[in-house]
Amino acid sequence: MNIPFLDIWRKRQSTETERSNVLAAAFEADPEGVGALLSECELLRSQAGETGLELDDSAASLEALDQLLPRWRDDPEMLPWLGNDAGLYLGTVIVRTVPGARWHVWPGGHPVVRLASGREIHVVESGLDWAVNGAPQLSQVYAEASEG
């Protein structure tokens with residue numbers, strides 16, 4: 001039975017899986033390079049810059065982000081992108097300031113921060129929750145990560 005819609009769906013699914021596998025493979029080959037790519041967070045840095053906030057990859061910048069008025073919630077198309085960037089920025093701050101923390105990309109392409117204890121922080125989910133609901137605050141997630 002030939003169902004064109006299924007062929008298109010299968011092709012799209014395999015393409016998404018291939019992209020995810022490419023990120024995981026790139027991370028295996030060059031973890032520092034992928035970490036640098038994950039830390040770009042252009043949309044978040046741009047939005048913060050428009051308010052006069054410069055993101056300097058510090059814990060204090062996370063506290064400042066938590067204090068911004070959430071104007072991005074007015075734009076449902078931008079919300080997931082900004083939330084993703086907020087999560088990646090949170091991960092960047094943790095990796096750069098918490099001893100032993102490092103990026104890890106699961107085989108499906110999902111980036112997390114792995115602490116020295118082995119605990120993994122799902123920073124992208126935290127960023128999305130922050131962008132949509134305002135909680136948990138980015139500085140709170142950072143504080144929990146830095147405790148050990």
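In this structure, Arg45 pairs ionically with Asp57, as a charged nitrogen and a carboxylate oxygen lie closer than 4.0 Å.
Between the side chains of Arg96 and Ser39, at least one donor N or O sits under 3.5 Å from an acceptor N or O.
Residues Ala131 and Gly83 share a closest heavy-atom pair of CB-CA, 3.6 Å. Nearest heavy-atom pair across Ala145 and Val98 is O-CG1, 4.0 Å. Residues Trp106 and His122 approach most closely at CH2-CE1, 3.1 Å, considering heavy atoms. Shortest non-hydrogen contact noted between Asp129 and Pro136 is CB-CD, 3.8 Å. Taking every heavy atom of both residues into account, Trp81 and Leu43 meet most closely at CB-CD2, 3.6 Å. Nearest heavy-atom pair across Cys41 and Asp85 is C-OD2, 3.2 Å.
In this structure, the separation between CG on Leu79 and CG on Asn84 is 11.5 Å, given to the nearest 0.5 Å. If you take CD on Glu63 and CG on Leu138, they are separated by 10.5 Å, rounding to the nearest 0.5 Å. Here the straight-line distance linking atom CZ of Arg114 with atom CH2 of Trp103 works out to 13.0 Å at 0.5 Å rounding. Once rounded to the nearest 0.5 Å, the distance linking CG of Leu44 with CG of Leu88 reads 9.5 Å. From Leu82, atom CG reaches atom CZ of Arg73 across 10.0 Å, with rounding to the nearest 0.5 Å. In this structure, OG in Ser117 is found 12.0 Å from CD in Glu147, a value given to the nearest 0.5 Å.
Looking only at side-chain heavy atoms (C-beta outward), His110 and Val105 stay at 4.5 Å or farther from each other. With a 4.5 Å cut-off on side-chain heavy atoms, Leu90 and Trp130 do not count as touching.
In terms of modelled atom types and a separation under 3.5 Å, the side chain of Asn133 and the main chain of Ala135 share no donor-acceptor contact. With hydrogens and angles ignored, the 3.5 Å screen pairs a side-chain donor or acceptor of Asp66 with a backbone N or O of Ser139.
By the 6.0 Å contact criterion, CD on Glu42 is open, its count of non-hydrogen atoms from other residues, nucleotides or ligands being 12 or less. The number of heavy-atom neighbours closer than 6.0 Å to CZ of Arg71, taken from other residues, nucleotides and ligands shown, is 12 or below.
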For side chain to side chain contact (heavy atoms under 4.5 Å, CB included), just list the numbers for Val141 and Val123, CA-CA rounded to whole Å, side-chain angles, deciding distance to a tenth of an Å, and then say yes or no.
CA-CA 9 Å; Val141 177; Val123 291; 5.5 Å; no
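Under the 4.5 Å side-chain heavy-atom criterion for Ile, Leu, Val, Met, Phe, Trp and Tyr, Leu128 and Trp72 are members of the same hydrophobic cluster. The hydrophobic clustering, which links ILVMFWY residues whose side-chain heavy atoms are closer than 4.5 Å, places Tyr89 and Leu37 apart.
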